[in-house]
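First comes the structure, then the notes that go with it.
In the text below, chain A, chain B and the rest are named by the order of the sequence lines, each starting its count at 1. Quick caveat: nothing in here was measured; it's all calculated off a predicted structure.
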Protein chains: 2
Amino acid sequence: MALSTAQRVADQLRDRIQGGGLPPGTQLSEEALGRDLGVSRNTLREAFRLLIHESLVVHRLNRGVFVRVPEAADVTDVYRVRAALETAGVRAAERAPWPLRQAVAEAVDRGERAAARGDWREVGSADLRFHRALAALSGSPRIDSAMDRLLAELRLAFHAMPSPRRFHEPFLPRNRALAGLLERGEYGRAEAELLTYLDDARQLILDAMRETSS
Amino acid sequence: MALSTAQRVADQLRDRIQGGGLPPGTQLSEEALGRDLGVSRNTLREAFRLLIHESLVVHRLNRGVFVRVPEAADVTDVYRVRAALETAGVRAAERAPWPLRQAVAEAVDRGERAAARGDWREVGSADLRFHRALAALSGSPRIDSAMDRLLAELRLAFHAMPSPRRFHEPFLPRNRALAGLLERGEYGRAEAELLTYLDDARQLILDAMRETSS
DNA sequence: GCTAAGATATTGTTCAACAATCCTCAAGAG
DNA sequence: CTCTTGAGGATTGTTGAACAATATCTTAGC
């Protein structure tokens, strides 16, 4: 048993949540889920703690845990933090070791290849990977895990997106351009472009959320 | 019962850890602590999860939880993240609402008043408050809680500091200067000064840690 | 239709037991 | 003497059941 049972249960729940099997707002009943997954309530609770830490679920005292429902304010805030962490990565790009810089270019390639064969789900994954690679230029483990949590949270908001293609396609050339600016050492322009980029993306998500909820 | 038992237990443990009653490296035995605090092992485990989330303790599978021992790499990394978050605050200062800007100035005053009466412990608290106020200029709840966790982690490393005065005193005028740059709208210079400031502080802590461990 | 009291269901916490894993330390092989 | 090996003991990991505390739902009364 390499991983603890609680870990494994948390992994399963994470997959179900991000796969849409447990949509936002769903209550995760301890008894029902415990019976379903074949674990005791106590172990299930330990798994819940892990997901709470990733803010995929929220815990309300004496009410239980629920799959998080992303609000507009959450999306806005996530993009604020992303702006801070990703621009920090861009500013550190000059001093970043080669593999980290390469990861950025690689994510761009990956996205374009996925788009060429029409796999828009993979395009979405590549886009997240691209932004994680940007933040990772800082070379900070804490920034890396913070980005992972932010992007996981954002993936919940993506459930409101009707068409992955319409959202991701316009950003493919922008990713390419951004990577180009970094390679050419134009860090100032890269940072400026990144900020407007993030603003645009945030606006698109907020618009989609407004439509879905109304 | 406004707070859950696990919450209360976590609060008690946090106080003991930060107060030095449970020095870094100490194992938090489930049975002994449970008997001591009068709670069951399961509840204690829930409390542990909260402290793990704050990274005050670390969990090693099948070994238990231990009060975190800050390594040099941790301090370096914490300062990397602080640089990202605090400079983001400085860059957002221009757009920040008045109360947030006022909090920065207030923290500086607080530190100087504490120094005047020789309360160096309070000077330390005021310094942390100052930096938290800088990061808070972004107006982001997630950045705020991230800073809280980073500073709590750093407080552990401060245990290696022999003299709080020698560490904090030189930074009093620098805090004042930084706040002045912000008030005068010289954001570019403020950001530059902040970066060298953080570099200096990090170096001092690393030096102290090297001495203590040897 | 509204309020209030009680019934019901769910979570919060405890307890005791057993399984799984790690650490210690001593015995034996090289 | 050093290194491996293997009990033995201690601690954590997990389970299941029980009870307490709390929130939600239902129903009676006005």
Side-chain angles (χ1 to χ4, degrees), chain A residues 1-17 21-71 145 156, chain B residues 1-17 21-71 156 213:
Chain A
M1 206 195 296
L3 257 53
S4 81
T5 311
Q7 270 285 359
R8 241 179 323 125
V9 171
D11 291 344
Q12 293 180 24
L13 289 177
R14 192 184 305 108
D15 287 348
R16 287 202 200 180
I17 292 172
L22 294 168
T26 310
Q27 174 164 15
L28 302 182
S29 156
E30 296 186 351
E31 190 176 7
L33 265 184
R35 217 176 332 106
D36 196 11
L37 298 174
V39 297
S40 77
R41 279 181 60 207
N42 281 318
T43 302
L44 193 54
R45 275 161 155 271
E46 296 236 3
F48 283 166
R49 291 283 177 204
L50 298 174
L51 297 177
I52 291 169
H53 175 233
E54 303 171 23
S55 62
L56 283 180
V57 303
V58 295
H59 180 196
R60 277 180 280 178
L61 189 60
N62 292 318
R63 304 269 322 276
V65 316
F66 302 77
V67 179
R68 174 151 203 185
V69 180
E71 310 280 332
S145 69
L156 277 186
Chain B
M1 205 196 297
L3 256 53
S4 82
T5 310
Q7 270 284 1
R8 242 180 325 136
V9 171
D11 291 343
Q12 292 180 26
L13 289 176
R14 192 183 304 108
D15 286 349
R16 286 202 200 180
I17 292 173
L22 294 168
T26 310
Q27 174 164 16
L28 302 182
S29 155
E30 295 186 352
E31 190 177 6
L33 265 184
R35 218 178 330 105
D36 195 10
L37 299 174
V39 296
S40 77
R41 279 179 61 205
N42 282 318
T43 303
L44 193 55
R45 273 160 156 272
E46 296 235 2
F48 283 166
R49 291 283 177 204
L50 298 175
L51 297 177
I52 291 169
H53 176 235
E54 304 171 23
S55 63
L56 283 180
V57 303
V58 296
H59 179 194
R60 277 180 282 178
L61 189 60
N62 292 318
R63 303 269 323 276
V65 315
F66 302 78
V67 179
R68 173 150 205 189
V69 180
E71 310 281 331
L156 277 185
S213 67

Between [options], which nucleotide gets closest to the side-chain atoms of [X]?
{"X": "Glu30(A)", "options": "dG12(C), dT14(D), dC23(C)", "answer": "dG12(C)"}
{"X": "Asn62(B)", "options": "dT11(C), dC22(C), dT15(D)", "answer": "dC22(C)"}
{"X": "Val39(B)", "options": "dT14(C), dG12(C), dT14(D)", "answer": "dT14(C)"}

Please state whether the base of dG13(D) and the side chain of Asn42(A) form at least one donor-acceptor pair under 3.5 Å?
no

Ignoring hydrogens and angles, does a donor from either the side chain of Arg41(A) or the base of dG12(C) sit under 3.5 Å from an acceptor on the other?
yes

Using a cut-off of strictly less than 4.0 Å, decide whether [X] has a side-chain nitrogen or oxygen near OP1 or OP2 of [N].
{"X": "His59(B)", "N": "dG13(D)", "value": "yes"}
{"X": "Thr43(B)", "N": "dT13(C)", "value": "no"}
{"X": "Arg45(B)", "N": "dG13(D)", "value": "yes"}
{"X": "Ser40(B)", "N": "dC15(C)", "value": "no"}

Rounded to whole Å, please give me the gap between [atom1] in [X] and [atom2] in [N].
{"X": "Arg35(B)", "N": "dA10(D)", "atom1": "CZ", "atom2": "P", "result": "14 Å"}
{"X": "Phe66(B)", "N": "dT11(D)", "atom1": "CZ", "atom2": "P", "result": "12 Å"}
{"X": "Leu61(A)", "N": "dT10(C)", "atom1": "CG", "atom2": "C1'", "result": "12 Å"}
{"X": "Leu50(B)", "N": "dG12(C)", "atom1": "CG", "atom2": "C1'", "result": "14 Å"}
{"X": "Glu46(B)", "N": "dT14(C)", "atom1": "CD", "atom2": "P", "result": "10 Å"}
{"X": "Leu44(B)", "N": "dT12(D)", "atom1": "CG", "atom2": "P", "result": "9 Å"}
{"X": "Arg63(A)", "N": "dT11(C)", "atom1": "CZ", "atom2": "P", "result": "10 Å"}
{"X": "Glu31(B)", "N": "dA17(C)", "atom1": "CD", "atom2": "C1'", "result": "13 Å"}

Is there a donor-acceptor contact under 3.5 Å from the side chain of Ser55(B) to the main chain of Ile52(B)?
no

Test item: Gln27(B) side-chain N/O and Arg63(B) main-chain N/O as donor-acceptor pair under 3.5 Å
yes

Close side-chain approach of Arg35(A) and Glu31(A), heavy atoms under 4.5 Å
yes

Check: Leu51(A) and Val65(A) side chains under 4.5 Å, non-hydrogen atoms:
no

Go through it in stages, so that I can follow the logic: the residues are Arg16(A) and Asp36(A), the test is salt bridge (charged side-chain N to carboxylate O under 4.0 Å, His left out), and I'd like the CA-CA distance, side-chain angles, deciding distance and then a yes or no.
CA-CA 13 Å; Arg16(A) 287 202 200 180; Asp36(A) 196 11; 3.4 Å; yes

Quick one: label Gln27(B) by what it contacts on the DNA or RNA (base, sugar-phosphate, nothing), any heavy atom closer than 4.0 Å.
sugar-phosphate

Considering every strand and a 4.0 Å limit on heavy-atom distances, what is the contact class for Gln7(A): base, sugar-phosphate, or nothing?
nothing

